[in-house]
Amino acid sequence: MEWLVFVPLAAMALVTAVLVIILRNPVYCALSLVGTFFALSGIYLLLQAQFVAVVQVIVYAGAIMVLFLFVVMLLDLGHELPAWLQRDRPRLLIGAGAVAILLLELVIPVGSWTARAPHGPQTSEVVGAAGNTQLVGRLLFTEFLVPFEITSIILLIAIIGAMVLARR
Amino acid sequence: MELILPQIDWAPFVPLAPVAIGGLTTLTAELFLPPGRKHLVAILSLIALAAAILLSINSWGPVLDPDRRMVRYGIHDSVVLDRFSLFFYLVLGLIGVLTILLSMGYLHNAAPDQGEYYSLVLFSVLGMMLMAAGGDLIVIFLGLETFSLALYTLAGFRKTELRSNESALKYLLLGAFASGFFLYGIALIYGATGTTILRQITAFLADGHPPEPLFLIGGGLLLVGFGFKIASVPFHMWAPDVYEGAPTSVTAFMIAGTKAAAFAAFLRVFLLALPALHMRWSAAIWVLAVLTMTVGNLVALVQSNIKRMFAYSSIAHAGYLLVALVAGGSSGIASILFYLVAYALMNLGAFAVIIAVQDGERERLLLTDYAGLGWQRPVLAACMAVFMFSLSGIPPTAGFMGKLYIFSAALAGDYPGLAVIGVLNSVISVYFYLRVIVIMYMSEAASPLPDRSRGQAPAVPASAAAVLAVLVSVLGTLHLGLFPARLLDLARQSVSVIAG
């Protein structure tokens, strides 16, 4: 049954992701990216990660995309890309061929792979018992405390970096 | 809901704490210092790094030995305290100290009154330490992002200079691309084993689960991610432009620090957690090693810009290190650790010379700028000659001993072909390293420098710091060349935890 939901969502994620790359108008690219984010958040829902799904929509599709669109429009990039950035057919074909080969290399072994991988610790029962948001919160402050703290340092570095580079 | 607080072993975090606190303190102190006194921030950051080094030395014996536990784990394996981590804490601390010393005078000219520089250096040392000590792939990734993000900013520190902007942007875009590979690799490994913690992955594989294709692909993607960070050949495209454009002090830091941190994590992941993967991928690493050495050395032959030459030379050195990685075994890994120290000393030393001989605002970036330097600045030129001998692997220097250990490990590991290719490459590299010496001593200076020709101490006190960095590096290089046994013994002790 899951397949009925998963396949359309995965297809939507892939198609919109490709559109982000091949569309010529930056505004359309940004809007396609919103489509990708929505499809991904649907997949997160399928995995019973409701909290991540909602955060994905609020943070990525909401805040970050609005920021992208602001920049695109403020810098007046909303028209077609200049000629030197436009597609160069032979190179595009070579690139697409290389990607196809790499993709096949990924898909063939994975396809022949019988699912013997173990479950991670967060099964549906565990998540159902604790509640999704509570579980994320608890993990952040116990098991993933150190990664969580490192992330705060990364954000601090990003702020310093933005300030240093933007200051006159 | 009941919150169960984890049992915390604080010992693994002790050597990291001064660097993190130092980064925050320097950032705050910078706010309150008046313009013109910002170099005090550099002193603060030196104190933080010195504290980290002392605490690491302190942890080496007493913390690990008495209860016979050679390994201690931080919260959920996030940070591992063993002699391998401590060895890299010491190396990275040394790299940090030398970087700050050689930056002080340079920054005075390039970007005065920008005290954030030192916090960013400290934070990137912290990221490198986390990467070297991470026991969880997530922590290794976050450590990588921490130092990369700080380095993107540092590379663009000369805002008015187009090359510096280009360097920052290229590094950011390609670094983000490489991070994508790395993360995808982690995701596939998680999918195949159900965990990202290295110890649990090892246990899973030892538990009679043969590595699945999914797992092998994950490992391959990790290899690509590491390949980018150490600038090995098919993934080296970013290195020359980034190293050339970044401010000279930052280039020195990137060349020495990134390589040490990336190799530390590389060794821990591929040899400790995934020995099965090492077997499968050693053929691929063999090819990478040969390509990296050969391309790096051949392209370095034709460079006329000294920073670009060092960029290709650093690529070639990544190749020598990969040779030792293919050879494996405890002597192979110990030789990597030894070589990383030698490599850091000779590169930072050479860059300190480049900074110390700069002419006010004007940097000597072309090889021809070094004409006649042997007579204008005899001491610094002699030091530069030592570093060049060391880089090309001529005794009695650290570079010679390092290469000797690496190639003998390759022979011991039954890779004679690799050793032969490595030695041939060293011979090629002699040409462009010795060319610097030839230019310094055997050609006439185009325009003699005013005042400095007597070899007297430079006027700006901050550039005395760069001279200090040169002297420390030259002593280290010669010391390791003459008495390598002590460091090699430390390296052997460090790898005993991961290579058994």
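The analysis underlying the following values was restricted to heavy atoms, covering all of them including side chains, and did not include hydrogens, waters or symmetry mates. Quick note on labels: first sequence line is chain A, next is B, and so on, each numbered from 1.
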Atom pair [atom1] ([X]) and [atom2] ([Y]), whose distance is rounded to the nearest 0.5 Å:
{"X": "Ile150(A)", "Y": "Met131(B)", "atom1": "CD1", "atom2": "CE", "result": "12.0 Å"}
{"X": "Thr151(A)", "Y": "Glu145(B)", "atom1": "OG1", "atom2": "CD", "result": "10.0 Å"}
{"X": "Phe123(B)", "Y": "Ile160(A)", "atom1": "CZ", "atom2": "CD1", "result": "5.0 Å"}
{"X": "Ile75(B)", "Y": "Leu145(A)", "atom1": "CD1", "atom2": "CG", "result": "4.5 Å"}
{"X": "Leu165(A)", "Y": "Glu116(B)", "atom1": "CG", "atom2": "CD", "result": "10.0 Å"}

Crowded around [X] [atom1]? As in, over 12 foreign heavy atoms under 6.0 Å?
{"X": "Leu4(A)", "atom1": "CG", "answer": "yes"}
{"X": "Met237(B)", "atom1": "CE", "answer": "no"}
{"X": "Phe13(B)", "atom1": "CZ", "answer": "yes"}

Check each atom of Ile154(A) against the heavy atoms of chain B and say whether the ones under 4.5 Å are side chain, backbone, both or neither.
->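 Backbone plus side chain of Ile154(A), per the 4.5 Å heavy-atom cut-off to chain B.
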
Proximal component of [X], with respect to chain A [non-hydrogen, under 4.5 Å]:
{"X": "Phe147(B)", "value": "neither"}
{"X": "Thr153(B)", "value": "both"}
{"X": "Thr146(B)", "value": "both"}
{"X": "Ile138(B)", "value": "side chain"}
{"X": "Leu120(B)", "value": "side chain"}

Which residue out of Leu24(B), Leu27(B), Leu126(B) racks up the most heavy-atom pairs below 4.5 Å with chain A?
->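 Answer, by heavy-atom pair count under 4.5 Å with chain A: Leu27(B).
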
Please report the shortest heavy-atom distance between Pro147(A) and Val139(B), naming the atom on each side.
->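 For Pro147(A) versus Val139(B), the nearest heavy atoms are CG-CG2, 4.0 Å.
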
